[in-house]
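Below, chain A is the first sequence line, B the second, and so on; all start at residue 1.
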There are 2 protein chains.
Amino acid sequence: MKEKRIDLSTETKIKEAARTVFYKKGFSATRTRDIAEEAGINLALLNYYFRSKEKLFEIIMLETFSAFVQSMTVILNDENTSLENKVELIANRYIDFIIREPEVPTFLISEIRNNPQQLLEKLPVKQIINNSVFFKQHGEAVKQGLIMEPNPLHFLLNLLGLVVFPFIAKPLIMGGQDLDIEQFNALMIERKSLIPIWIAAMMKAK
Amino acid sequence: MKEKRIDLSTETKIKEAARTVFYKKGFSATRTRDIAEEAGINLALLNYYFRSKEKLFEIIMLETFSAFVQSMTVILNDENTSLENKVELIANRYIDFIIREPEVPTFLISEIRNNPQQLLEKLPVKQIINNSVFFKQHGEAVKQGLIMEPNPLHFLLNLLGLVVFPFIAKPLIMGGQDLDIEQFNALMIERKSLIPIWIAAMMKAK
DNA sequence: ATTTGTTTTAATCATTTGATTAAAACATTT
DNA sequence: AAATGTTTTAATCAAATGATTAAAACAAAT
């Protein structure tokens with residue numbers, strides 16, 4: 001029972017409507033008329049405020065991707081948390097986030113394939129990750145023999161795979177296992193405490 | 001250097017062209033004219049052979065999804081392989097498969113969200129998985145204390161997450177880490193032997 | 001060779017869709 | 001309240017797009 005806040009400015013109404021529709025259907029399947037209807041505004045206002053469907057999309061895309069990457073980099077660059085802490089934080093925050101915004105992962109995956117280039121230019125993921133505290137801590141742990149696999153990319157991919165993949169497979173899991181959304185979410189919440197244990201075990205394995 | 005086989009029937013040419021374009025751009029972003037051009041045929045032939053864009057898409061979708069599920073269920077239902085064997089087989093086969101057909105995972109994820117219902121009716125994933133030899137073996141291993149997490153769904157999600165997720169994140173990994181396709185694939189091939197080790201360790205963890 | 005059935009083509013249709021325009025409604029300033 | 005600036009609306013445009021049609025090209029059967 002999501003409450004529609006009624007008091008937004010027209011511009012904000014359009015942006016939030018665009019977010020809703022783009023998240024659900026992707027860029028190509030979204031009609032500007034869908035957005036106008038969702039926002040309860042005249043179609044021409046979309047172009048009045050945002051010039052074009054594409055410009056509006058870019059705004060939503062950049063905001064969404066930034067939010068996703070931002071919280072990651074903040075966690076990965078905290079000097080005051082251990083590797084174990086970081087794993088817990090990422091599992092907890094991302095699972096909570098995706099439960100609130102379940103359409104975001106599939107939206108990002110589907111739409112990034114079109115122009116990953118452009119997106120990566122605007123968000124310099126490269127440096128942010130490679131110079132991260134996380135990378136240094138990982139290197140240390142490898143040197144001390146606490147982690148067997150030396151490539152930190154495998155570590156990150158494993159962590160994100162365990163966190164994100166189940167949400168991507170959600171339609172199949174729910175349909176294939178007759179789960180309702182409550183049961184599915186419960187399963188994901190379980191994983192918040194399981195993933196750190198699993199990651200710890202994996203990384204020691206050889 | 002993909003060779004275009006020249007000798008296909010018109011119908012097959014159209015279907016394979018449709019596969020190529022649908023995989024790359026998804027249903028909504030694909031124009032029937034794109035498919036006609038890719039196939040080197042007159043636009044009207046598409047409708048002559050397949051009635052409509054939608055019918056053609058359904059054929060590709062069902063074929064692709066079936067292939068994906070089929071090989072999974074075959075492996076999961078083999079009486080003659082252990083749990084460990086099954087993990088190895090899935091990691092190996094799927095990583096090889098996705099390296100050959102890199103657009104399939106994102107295609108499936110993007111398009112399944114539209115009507116997961118319809119797809120699951122045609123492919124009864126539910127029973128296939130739930131009555132599988134894999135489930136029985138997993139239950140046994142749990143009973144014997146070899147596996148700590150009792151829910152086999154977590155097991156499957158973990159395995160598939162480790163296998164599939166990196167391919168989904170490919171544009172970000174390649175762009176963000178300056179890898180070319182060779183280096184990326186090498187990384188994935190590494191994972192064929194790593195994933196079974198990781199899974200084994202995870203499942204014993206507590 | 002003619003007839004019959006099948007496949008392919010060029011042209012065209014009807015609808016959808018992103019965008020624009022001119023006017024109206026509303027708000028703010030003088 | 002008149003003038004000016006801003007926001008919103010209804011109507012419309014041009015291009016794109018899925019689909020159809022009628023005729024042509026081709027193949028097979030008689």
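Protein atom CD of B:Glu54 is 8 Å distant from nucleotide atom P of D:dA19, rounded to whole Å. Per the geometry, CG belonging to B:Leu46 stands 9 Å off C1' belonging to D:dG18, to the nearest Å. Atom CZ of A:Phe50 is separated from atom C1' of C:dG18 by 16 Å (rounded to the nearest Å). Rounded to an integer number of Å, the gap from B:Ile41 CD1 to C:dT6 C1' is 16 Å. One atom, CZ of B:Phe57, and another, P of D:dA19, lie 14 Å apart when rounded to the nearest Å. The distance from atom CD1 of A:Ile14 to atom P of C:dA19 is 13 Å, rounded to the nearest whole Å. Across the protein-nucleic acid pair, B:Arg31 atom CZ and C:dT17 atom P stand 10 Å apart, rounded to whole Å. When the C1' atom of D:dT17 is taken as reference, atom CD of B:Glu37 falls 15 Å away, rounded to whole Å.
The residue A:Thr30 sits close only to the backbone: its heavy atoms come under 4.0 Å of sugar-phosphate atoms, none of a base. Looking at heavy-atom distances under 4.0 Å, A:Tyr49 makes contact with sugar-phosphate atoms alone, never a base.
Heavy-atom contacts from other residues, nucleotides or ligands closer than 6.0 Å to CD of B:Glu37 number 12 or fewer. Few gaps surround CD on B:Gln183; more than 12 heavy atoms of other groups in view lie less than 6.0 Å from it.
B:Thr32 has no side-chain polar atom (N or O) that falls below the 4.0 Å cut-off from OP1 or OP2 of D:dT17. The side chain of A:Thr10 places an N or O atom within less than 4.0 Å of a non-bridging phosphate oxygen (OP1 or OP2) of D:dT8.
Within the structure, salt bridge (Lys or Arg N to Asp or Glu O under 4.0 Å) contacts touching residues 40-52 of chain B (residues at least two apart or in different chains) do not occur. Counting only residues at least two apart or in different chains, ring-ring contact (aromatic ring centres under 6.0 Å, His included) contacts with residues 157-178 of chain B comprise B:Phe167-B:Phe184. Applying the salt bridge (Lys or Arg N to Asp or Glu O under 4.0 Å) definition to pairs two or more places apart or across chains, those involving residues 162-186 of chain B are A:Lys126-B:Asp178.
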Using a cutoff of under 3.5 Å, can you pull out all pairs of nitrogen or oxygen atoms linking the protein to nucleotides 20-25 of chain D, with atom names and distances?
none

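Residues forming a salt bridge (charged side-chain N to carboxylate O under 4.0 Å, His left out) with B:Lys24 (at least two apart in sequence, or on another chain): none. B:Glu190 meets the side-chain contact (heavy atoms from CB on, under 4.5 Å) test with A:Glu149, A:His154, B:Leu187, B:Leu194; sequence neighbours excluded.
With D:dT17, C:dT9, C:dA19 as the choices, the nucleotide that has an atom nearest any side-chain atom of B:Arg33 turns out to be D:dT17.
Comparing B:Gly40 and A:Phe27 along DNA chain C, the residue whose closest nucleotide (by nearest heavy atom) sits nearer the 5' end is B:Gly40.
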